[in-house]
Amino acid sequence: MNIRDLLEERISKAISTLAGSPAKAMLARSSRPEFGDYQANGVMSVAKKLKRNPRDLAQELVQSIQLDGIAEKLEVAGPGFINIWLSKNFLSDSLCNQEQLLTNTAHTETVVIDYSSPNLAKEMHVGHLRTTIIGDSIARVLTQLGHKVIRQNHVGDWGTQFGMLLTYMQDQTDNLDEYDNKLADLENFYRAAKARFDSEPEFARRARTRVVALQAGDEETLKAWKQFINTSLSHCQTIYQQLDVQLSPDDVMGESAYNDDLQNIIADLQQKQLLVESHGAKCVFLEEFTNKQGEPLPVIVQKSDGGFLYATTDLAAIRYRFSKLHADRALYIVGAPQILHFQQIFALAKKANFIPEGCEITHHPFGSILGKDGRPFSTRKGGVEKLGNLLDEAEQRAYTLVAAKNPELGEEDLRLIAKTVGIGAIKYADLSKNRTGDYIFDWDQMLSFEGNTAPYLLYAYSRIQSLFRRGNINFDEIKAEVITTTTYEHQLAVNLLGFQEVVELVARDALPHQLCNYLFDLASCYMRFYEHCPVLSAEKTLSHSRLILCKKTAETLKAGLYLLGISTVERM
RNA sequence: GCGCCCGUGGCUCAGUUGGAUAGAGCACCUGGCUACGAACCAGGGGGUCGGGGAUUCGAAUUCCUCCGGGCGCACCA
């Protein structure tokens with residue numbers, strides 16, 4: 001249940017009636033406890049329009065608002081705020097009768113989400129971290145709210161570099177079964193191939209012929225290419241598993257998949273009279289984008305040599321997603337440097353009618369990961385950090401930390417906890433920052449058990465589990481009623497009921513850090529409650545009430561972390 | 001040159017339909033374990049929200065301008 005929406009709807013109705021025209025209540029969580037649980041901020045602007053005293057209008061409104069059984073007190077404050085205190089019964093009933101933490105949103109849609117999309121010519125590196133885990137989280141959130149989610153891993157599996165790689169491979173072996181072996185270190189393989197390509201004209205010539213053969217569909221080349229792609233993909237799959245990201249080979253829809261459709265895109269644009277030839281290249285000019293001289297900027301869809309570009313492929317993908325996959329929304333989780341590219345492609349796609357009326361296409365850009373020095377994140381030697389190495393290091397560091405904190409853990413438990421904490425820390429550090437900005441990658445900060453980190457949240461969860469073990473609790477025997485005697489219990493109850501609100505917000509804006517902030521707030525709120533309200537030693541009714549709060553907190557933390565792609569541990 | 005993003009305590013970050021006294025965490029200082037896990041909690045100091053204008057009941061948030069940093073702008077992806 002979404003309490004904010006419920007209040008928004010009721011109070012908006014009252015304001016609109018009073019104003020004689022539609023008006024919004026502008027509901028938000030109260031900024032401070034003494035201002036109640038929720039506050040309506042919409043009265044002031046309405047009063048202005050009506051040329052009325054805002055406090056009088058608010059007072060009148062308070063009389064007419066129907067919130068029986070939901071709120072126990074409404075108060076006009078300041079220049080015209082309406083502060084709302086939720087009723088104790090409402091809180092108790094909502095928590096106890098809640099069958100599931102999250103319910104489906106009113107309108108469920110088909111949502112296509114494009115994320116991860118590594119280049120298969122190389123190994124995955126830190127540059128793929130953000131798109132992969134942000135995309136995974138958003139996919140989980142949308143799925144949880146009942147949407148039909150179609151993941152699209154638009155891998156780079158086509159283009160000139162594969163001519164080079166396949167030629168280099170050919171010189172190593174012509175046995176497809178040996179590819180696994182040769183590509184064990186894909187990064188080195190790529191470097192070696194590139195070195196030969198740059199230094200040996202004869203090799204470069206063969207590489208170019210190989211590209212032509214590949215694009216012409218030469219059977220033998222295609223077979224080798226396919227094997228190469230599969231091997232490289234299995235590297236990615238290893239990373240996805242280590243990251244606990246819900247991407248499978250079924251989600252792969254690489255650049256090559258659109259190869260046969262590119263000519264059709266050109267023909268389609270031609271037929272729609274959007275195509276212009278300029279300097280031998282086929283372009284579409286968009287007035288809304290201008291170049292250095294203030295002239296319209298072209299989107300080149302076919303090079304003067306006849307080759308296609310990634311703009312062409314992206315257009316084909318857009319058309320496919322709306323016409324074949326029947327997307328209502330298409331999301332792109334791709335880095336900020338590509339903002340202009342997507343603006344152009346989306347504008348062009350709209351012009352070409354690739355996006356049906358009422359459908360939505362959005363780019364959700366993200367910033368870069370920086371080192372502690374504020375420079376782009378890299379290895380000590382200055383190279384690009386491989387994602388696999390980074391994840392291994394996270395697990396290693398977490399292992400050392402957890403082993404030191406809790407020496408009684410067995411090796412097997414320790415391994416599992418280190419994995420959950422280490423990978424969780426990396427993901428959470430990323431997801432908890434506003435997606436749009438850059439952020440600084442800091443091992444000590446993300447692995448700290450204090451502050452807004454994965455370890456702190458996991459600790460809060462495991463501490464609740466520990467309480468249940470200690471009390472030997474059987475929830476079938478727990479009386480279903482929540483009594484909010486203290487402010488700690490009250491705050492916790494209200495926070496718990498705000499879960500749906502924040503998840504819907506994340507689904508709308510694709511900003512997972514809002515969920516992180518919520519969970520951290522919830523965990524802190526729980527810790528305060530826990531320190532001040534004895535649970536097991538309280539008298540029975542109160543003890544039961546508090547146990548329900550504990551249980552709901554644990555469930556919400558677990559569900560929330562799941563939506564971030566982070567699993568929980570029962571002890572740590 | 002044009003366009004986009006960023007600038008908030010010493011550090012890392014919240015603050016997105018304009019709302020009440022700009023919030024957390026780290027670090028620093030003080031207090032709390034014979035105690036349901038102190039990996040915690042309670043409290044304290046620390047801010048001209050890059051500068052300056054404008055809009056209004058009200059601006060970190062909107063607009064303009066300047067400064068500083070990053071990125072992108074025709075045949076790579």
Side-chain angles (χ1 to χ4, degrees), chain A residues 24 26 28 30-32 34-35 39 41-42 44-45 47-48 54 77-81 83 117 119 121 156 158-161 255 278-283 289-294 297-305 307-311 313-314 335-341 343-344 365 367-368 370 372 374 376 401-402 405-406 429 432-434 436-440 442 444-446 448-453 455-456 458-460 462-471 505 509 511 513-514 516-517 520-521 524 527-538 543 546 550 571-572:
Chain A
K24 286 206 288 188
M26 307 285 286
S30 292
S31 50
R32 313 151 134 280
E34 59 265 37
F35 297 152
Q39 61 182 71
N41 300 331
M44 274 94 71
S45 62
K48 177 139 193 150
F81 299 102
N83 293 336
S117 310
N119 180 356
W158 201 246
T160 51
Q161 50 199 338
E255 290 169 350
S278 171
H279 300 276
K282 293 202 168 76
C283 313
F289 303 99
T290 53
N291 69 2
K292 296 159 196 174
Q293 283 77 39
L297 206 59
V299 177
I300 300 176
V301 290
Q302 188 167 21
K303 296 192 284 183
S304 49
D305 69 1
F308 301 105
L309 296 104
Y310 79 136
T313 312
D314 278 345
Q338 307 224 29
I339 287 177
L340 179 61
H341 167 70
Q343 282 178 343
Q344 291 180 317
S368 317
L370 308 175
K372 282 185 98 165
L401 280 172
V402 175
K405 296 245 188 205
N406 193 347
S432 63
K433 271 113 195 160
N434 191 330
T436 55
D438 298 343
Y439 80 90
I440 292 176
D442 182 348
D444 296 330
Q445 189 278 330
M446 71 178 74
S448 168
F449 289 75
E450 295 159 8
N452 191 4
T453 65
Y456 176 84
L458 292 170
Y459 171 66
S462 71
R463 208 172 168 189
I464 301 174
Q465 297 309 316
S466 168
L467 181 75
F468 295 158
R469 283 194 297 273
R470 168 68 67 116
L505 216 56
D509 303 332
L511 293 173
H513 80 282
Q514 299 178 122
C516 296
N517 289 345
F520 176 60
D521 197 44
S524 318
M527 289 294 193
R528 281 192 293 275
F529 153 81
Y530 182 83
E531 292 290 330
H532 295 96
C533 304
V535 178
L536 299 177
S537 59
S543 174
R546 290 175 175 172
C550 292
R571 63 186 84 221
M572 63 189 281

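Chain letters run A, B, ... following the sequence lines, proteins first and then strands; every chain starts at 1. Model, not experiment: these values are computed from the prediction.
- Per the geometry, CD belonging to A/Gln161 stands 13 Å off P belonging to B/C76, to the nearest Å.
- Taking atom C1' in both B/C2 and B/A74, the straight-line distance is 16 Å, to the nearest Å.
- Atom-to-atom, CZ of A/Phe308 to C1' of B/A74 comes out at 17 Å; the value is rounded to the nearest Å.
- The nucleotide whose nearest atom lies closest to any side-chain atom of A/Lys405 is, among B/C75, B/C36, B/A39, B/A39.
- Distance, A/Leu467 CG to B/A38 P: 11 Å, rounded to whole Å.
- Checked against B/A74, B/A20, B/C40, the side chain of A/Phe35 finds its nearest nucleotide in B/A20.
- B/A77 and B/C13 are spaced 32 Å apart, taking the C1' atom of each and rounding to whole Å.
- In this model, the phosphate group of B/C76 is approached by a side-chain N or O of A/Lys303 to a distance below 4.0 Å at OP1 or OP2.
- At the phosphate of B/G15, OP1 or OP2 sits under 4.0 Å from a side-chain N or O atom of A/Asn434.
- Comparing atom distances between the A/Arg463 side chain and each of B/A74, B/C40, B/G72 picks out B/C40 as nearest.
- Distance check on atom P: B/G9 versus B/G15 gives 16 Å, rounded to whole Å.
- Nucleotide B/G72 is matched to B/C2 when pairs are restricted to Watson-Crick or G-U wobble geometry with both distances under 3.5 angstrom.
- A/Leu511 comes within 4.0 angstrom of a base, heavy atoms only.
- Nearest nucleotide to the A/Leu340 side chain, out of B/C73, B/U21, B/G37: B/C73.
- Here A/His513 lies in heavy-atom contact (under 4.0 Å) with a base.
- Using a 4.0 Å heavy-atom cutoff across all strands shown, A/Asn406 reaches at least one base atom of the nucleic acid.
- When every heavy atom of A/Ala311 is checked against every heavy atom of A/Val299, the shortest pair comes out as CB-CG1, 4.0 Å.
- Taking 4.0 angstrom as the limit, A/Tyr530 places none of its side-chain polar atoms (N or O) nearer than this to OP1 or OP2 of B/A35.
- Taking the C1' atoms as reference points, B/C71 lies 39 Å from B/G45, given to the whole Å.
- The same atom, C1', is picked in B/G43 and in B/A24; the two are 16 Å apart, to the nearest Å.
- Taking the P atom of each, B/G58 and B/G18 are spaced 16 Å apart, rounded to whole Å.
- The distance from atom CZ of A/Phe449 to atom P of B/G25 is 18 Å, rounded to the nearest whole Å.
- Computed from coordinates, the A/Tyr459 OH to B/C41 P distance equals 9 Å when rounded to whole Å.
- For A/Tyr310 against B/A77, a side-chain N or O and a base N or O form a donor-acceptor pair under 3.5 Å.
- A/Pro337 comes within contact range of the sugar-phosphate backbone alone, with a heavy-atom separation under 4.0 Å but no base atom that close.
- At whole-Å resolution of the value, CD in A/Gln338 and C1' in B/C4 are 14 Å apart.
- Checked against B/A77, B/C40, B/C13, the side chain of A/Tyr439 finds its nearest nucleotide in B/C13.
- One donor-acceptor pair, N or O on each side, does fall under 3.5 Å between the base of B/A74 and the side chain of A/Ser278.
- The gap from the P atom of B/U17 to that of B/U62 amounts to 9 Å, rounded to the nearest Å.
- Atom-to-atom, CG of A/Leu505 to C1' of B/U17 comes out at 11 Å; the value is rounded to the nearest Å.
- One N or O donor and one acceptor, one from the side chain of A/Lys24 and one from the base of B/U17, sit under 3.5 Å apart.
- Between the P atoms of B/U12 and B/A54, the separation comes to 33 Å (whole Å).
- Checked by distance alone, A/Asp521 brings no side-chain donor or acceptor within 3.5 Å of a matching partner on the base of B/A14.
- Here the C1' atom of nucleotide B/C76 and the CD atom of A/Gln302 are 16 Å apart, to the nearest Å.
- Taking only side-chain atoms of A/Met26, from C-beta outward, the nucleotide of B/G18, B/A38, B/G19 with the closest atom is B/G18.
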